[in-house]
Peer 1: 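Right, I'll just put the structure down here and ask away after.
Proteins get letters first, then strands, A, B, ... in listed order; numbering begins at 1 in each.
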Amino acid sequence: MAKKFPIKGRWLITGASSGIGAELANALQQRGCKVIGVGRRPAADVNWTLRGGDYFQADFSNPAQAVCDIKKHLETQNITHLDGVIQNAGLGRFGSPFDETMKDLDDITKVNLIAPILLSSALFPFLEKASGVMAFIGSVVVGKSAPDYASYAASKEALSGFSRSLRLEWEGRVRVIILHPGATKTGMHERAGFDPGLFGAVMASAETAAHQLLSGVENDHDGGRISLFGKLSPDKFSKAAS
Amino acid sequence: MNILITGGASGLGEALARFYLARSHRVLLVDRDEERLASFNQNRFASTCVADFGTSAGIEETLRAAEAFGPADIVYFCAGISATGPFEQLDPALHETLINVNYLAPVKLTQGLVRQELIAQSGRLVYIGSLSSVVGYPGGASYSASKDGLLSYARSLAPALRKKGLFCHMVLPGPLKTPHAARYSPKGSSDKNRLEPDVAAKEIVQAVIKNKHLVYPGGGTKLIAFLGRIFPSIFERIMRKVLYIPLQSQSK
């Protein structure tokens, strides 16, 4: 039986201004956690209520600067411990790889991959002090061929490789986990230039996804995938490249 | 044939370059090591281009050189760096450069070469990944990320390339007997289990000719690739013991 790691204390969420991130913030607050939300949008545009929580703006399209801002923010709040971090900020783009602009490619890679790598490095001391957990949000496309969103899928598969190696390194000090949501009803598809059409009816709601993700974190279902209808299946089988 | 090789001045790239040059094929070698590239100046089949993929100019310089060279029949993306050691102790600045060189550069170069029609008809793009995609790489977390990203991108690119009559291949080598391996492995580790780059090069060339999408050079690599998919946790444990623990104790 998988060990349970109860979710409590202070958590930091990236990509917290909307979508899955906002729902994760809500779900964590429902469990009595203190939430620090980081997002691209100004605080006035953020629509989740802060119950003893905190939200501030940082833009991961300049990863080093954003990570610096986050560290500074934690320091000014005299925060030294974090019980959990969920790296959820993500960007997508739908279309042919040969129509992709350098900027699109750079933005997707910076937000989805480089920022999580840098933030992991910066937040390790905070997590180590609380024996906390570093959680990454991947995607069910990891391991699959994605001709219409190649750089998005690649950034998530790269994140998955990073998480896997980091989990082995930080074993016994900080728990590292990656969870893979499937298509979820958020603004990401529209921003990526994709209209889900009828498929939208079977996409999981962001709220369902958030609860499944937290359940996955608690039960340490590393590599778990959220399938259609919002069910989390733990990845018991090989995570290796195909 | 016309061959374009990034990272052509040393290691696997150099082995591939020498293979093709010995058979009188034209080779464009791209590398940041100007000194090592100069050793190819006497060879009438070799063209060279100094480019550093850690800079934004690197891609543009390479595309300019590729234009002057003419459409390539095969492109080998060998240029790559690493950053090894306990992750939280590594200089954070290394990671962004690593992702730029190992993942973004081959991707941007691919997009540029295809858009500017610098790949010949039925041309092939060969990406050098790593066995770390099968067994993990504790001690080389951002390197592991970059290679998994490249593996994924090549997999997604294949259908789009086929529509243009082009093909791509993914090579997943284990440790090779190269300066790269010596630079990034734990100090004092033996190179006796590392594959000779020219042996790897010959295998890769053959696999490309035989149209194999995934290539594992070396018998040992093939075995680990096979077993590593069935028993990933066992190999992850081995990698942790053999790579991460020595790196960790050396960093103290």
Side-chain angles (χ1 to χ4, degrees), chain A residues 63-64 67 96-102 105-106 109-110 112-125 127-128 141-171 173-174 176 237-242, chain B residues 56 59 86-88 90 92-93 95-96 98-100 103-104 107-108 110-112 114-115 129 132-161 164 170 172 214 225 228-232 235-237 239-240 244 248:
Chain A
V67 169
S96 159
F98 305 123
D99 293 334
E100 187 167 36
T101 65
M102 293 288 123
L105 175 61
D106 277 334
T109 310
K110 283 177 178 163
N112 295 7
L113 178 63
I114 295 175
I117 292 176
L118 297 181
L119 194 57
S120 298
S121 180
L123 295 184
F124 173 76
L127 287 167
E128 192 187 25
V141 300
V142 169
K144 305 203 164 31
S145 172
D148 292 320
Y149 37 96
S151 58
Y152 171 79
S155 70
K156 290 301 191 181
E157 189 151 337
L159 188 62
S160 158
F162 175 68
S163 173
R164 176 193 199 177
S165 298
L166 203 61
R167 181 175 166 95
L168 291 163
E169 285 198 37
W170 287 357
E171 194 177 82
R173 294 181 289 160
V174 171
V176 178
F237 303 102
S238 172
K239 314 176 194 88
S242 52
Chain B
S56 50
I59 307 283
F87 175 76
E88 69 283 3
L90 294 171
H95 304 302
E96 189 154 6
L98 188 153
I99 300 296
N100 282 336
Y103 166 70
L104 281 174
V107 170
K108 286 179 178 172
T110 299
Q111 291 179 355
V114 171
R115 273 192 215 119
S132 66
S133 293
V134 181
V135 297
Y137 199 156
S142 52
Y143 175 88
S144 181
S146 72
K147 293 306 191 181
D148 280 10
L150 201 54
L151 173 71
S152 168
Y153 191 78
R155 190 193 306 126
S156 297
L157 200 63
L161 286 174
K164 293 182 181 282
M170 195 73 211
L172 283 75
L214 280 177
R229 288 215 167 80
I230 306 174
F231 308 112
F235 285 88
E236 284 172 356
R237 293 279 117 209
M239 291 295 277
R240 187 172 197 272
Y244 177 63
Q248 191 186 37

Peer 1: Measure B:Tyr103 against the heavy atoms of chain A and call it side chain, backbone, both or neither at under 4.5 Å.
Peer 2: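 The side chain, not the backbone.
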Peer 1: So what's closer than 4.5 Å to chain B heavy atoms on A:Thr109: side chain, backbone, both or neither?
Peer 2: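 It is the side chain, since no backbone atom gets that close.
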Peer 1: A quick test of your reading: do over 12 heavy atoms of other residues, nucleotides or ligands sit less than 6.0 Å from OH of A:Tyr149?
Peer 2: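 It does not: A:Tyr149 OH has 12 such atoms or fewer within range.
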Peer 1: Could you tell me whether the side chain of A:Ser145 and the main chain of B:Arg155 form a donor-acceptor pair under 3.5 Å?
Peer 2: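 Yes: the side chain of A:Ser145 pairs with the backbone of B:Arg155.
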Peer 1: Under a 4.5 Å heavy-atom cut-off, does chain B meet the side chain of A:Glu128, its backbone, both or neither?
Peer 2: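 Looking at A:Glu128, nothing touches chain B.
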Peer 1: Main chain of B:Ala141, side chain of A:Ser165: is a donor-acceptor contact present, judged purely on distance under 3.5 Å?
Peer 2: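 No, A:Ser165 side chain to B:Ala141 backbone: no donor-acceptor pair under 3.5 Å.
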Peer 1: In Å, rounded to the nearest 0.5 Å, how long is the span from NZ of A:Lys156 to OG of B:Ser152?
Peer 2: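 The OG atom of B:Ser152 is 12.0 Å from NZ of A:Lys156, to the nearest 0.5 Å.
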Peer 1: Identify which part of B:Pro92 has an atom lying under 4.5 Å from any heavy atom of chain A, answering side chain, backbone, both or neither.
Peer 2: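 B:Pro92 touches chain A through backbone and side-chain heavy atoms alike.
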Peer 1: State, with a plain yes or no, whether a side-chain heavy atom of B:Ser56 is found less than 4.5 Å away from one of A:Met102.
Peer 2: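 No - every pair of side-chain heavy atoms lies 4.5 Å or more apart.
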Peer 1: Before giving the answer on side-chain contact (heavy atoms from CB on, under 4.5 Å), spell out for B:Glu88 and A:Val174 the whole-Å C-alpha distance, their side-chain angles and the decisive distance to 0.1 Å.
Peer 2: CA-CA 11 Å; B:Glu88 69 283 3; A:Val174 171; over 6 Å; no
Peer 1: Using heavy-atom distances under 4.5 Å, tell me whether A:Ser120 contacts chain B through its side chain, its backbone, both, or neither.
Peer 2: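 Answer is both: backbone and side chain atoms of A:Ser120 are under 4.5 Å from chain B.
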Peer 1: Kindly indicate whether the side chain of B:Gln111, heavy atoms from C-beta on, has any atom under 4.5 Å from the side chain of A:Leu105.
Peer 2: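 Yes. Closest side-chain heavy atoms under 4.5 Å.
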Peer 1: Select one option (side chain, backbone, both, neither) describing which atoms of A:Ile117 are under 4.5 Å from chain B's heavy atoms.
Peer 2: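 Answer is both: backbone and side chain atoms of A:Ile117 are under 4.5 Å from chain B.
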Peer 1: Please find the pair of heavy atoms, one from A:Leu168 and one from B:Arg240, that lie closest to each other, and give the distance.
Peer 2: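 Closest approach of A:Leu168 to B:Arg240, heavy atoms only: O-NE, 2.5 Å.
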Peer 1: On a heavy-atom basis, which atom in B:Ser156 and which in A:Ala150 lie closest, and how many Å separate them?
Peer 2: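 Smallest heavy-atom distance, with atoms named: CB-CB, 3.6 Å.
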Peer 1: Sort A:Lys110 into side chain, backbone, both or neither according to what part of it lies under 4.5 angstrom from a heavy atom of chain B.
Peer 2: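 A:Lys110 touches chain B through side-chain heavy atoms alone.
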Peer 1: Specify which of A:Ala158, A:Ser163, A:Ser151, A:Ser96 makes the most heavy-atom pairs with chain B at under 4.5 Å.
Peer 2: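 Looking at each of A:Ala158, A:Ser163, A:Ser151, A:Ser96 in turn, A:Ala158 comes out on top.
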Peer 1: Do you know which of A:Gly161, A:Ala154, A:Ser155 has the most heavy-atom pairs under 4.5 Å to chain B?
Peer 2: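 Maximum pair count with chain B is reached by A:Ala154.
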Peer 1: With only heavy atoms counted, which part of A:Asp148 is less than 4.5 Å from chain B, the side chain, the backbone, both or neither?
Peer 2: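 Neither part, no heavy atoms under 4.5 Å.
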Peer 1: Among B:His95, B:Arg115, B:Met239, B:Lys147, which residue has the highest count of heavy-atom pairs closer than 4.5 Å to chain A?
Peer 2: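 Of the candidates given, the most pairs with chain A belong to B:Arg115.
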Peer 1: How would you list, by chain and number, every residue that makes a side chain to side chain contact (heavy atoms under 4.5 Å, CB included) with A:Val67, sequence neighbours excluded?
Peer 2: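 A:Val67 satisfies side chain to side chain contact (heavy atoms under 4.5 Å, CB included) with A:Leu118, A:Leu119, A:Ala122 only.
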Peer 1: Does any backbone or side-chain atom of A:Phe124 lie under 4.5 Å from a heavy atom of chain B? Answer side chain, backbone, both or neither.
Peer 2: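 Side chain of A:Phe124 only, per the 4.5 Å heavy-atom cut-off to chain B.
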Peer 1: Out of B:Val114, B:Leu90, B:Leu150, B:Thr110, which one racks up the most heavy-atom pairs below 4.5 Å with chain A?
Peer 2: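 Answer, by heavy-atom pair count under 4.5 Å with chain A: B:Val114.
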Peer 1: Atom OG in B:Ser142, atom CZ in A:Phe162: separation rounded to 0.5 Å?
Peer 2: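 So the OG of B:Ser142 and the CZ of A:Phe162 are separated by 7.0 Å.
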Peer 1: When rounded to the nearest 0.5 angstrom, what distance separates CD1 in A:Ile114 from CG in B:Leu104?
Peer 2: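 A:Ile114 atom CD1 to B:Leu104 atom CG measures 6.0 Å (nearest 0.5 Å).
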Peer 1: How far does CD1 of B:Ile99 sit from CG of A:Asp106, to the nearest 0.5 angstrom?
Peer 2: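 One gets 12.5 Å once the value is rounded to the nearest 0.5 Å.
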Peer 1: Looking at A:Glu169 and B:Phe87, would you say the former's side chain and the latter's main chain have a donor-acceptor pair under 3.5 Å?
Peer 2: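 At least one qualifying donor-acceptor pair exists.
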Peer 1: If you compare all heavy atoms of A:Arg164 against all heavy atoms of B:Val134, which two are closest, and at what distance to 0.1 Å?
Peer 2: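 A:Arg164 and B:Val134 have their closest heavy atoms at NH2-O, 2.8 Å.
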Peer 1: Answer with side chain, backbone, both or neither: which region of B:Tyr244 has an atom nearer than 4.5 Å to a non-hydrogen atom of chain A?
Peer 2: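 It is the side chain, since no backbone atom gets that close.
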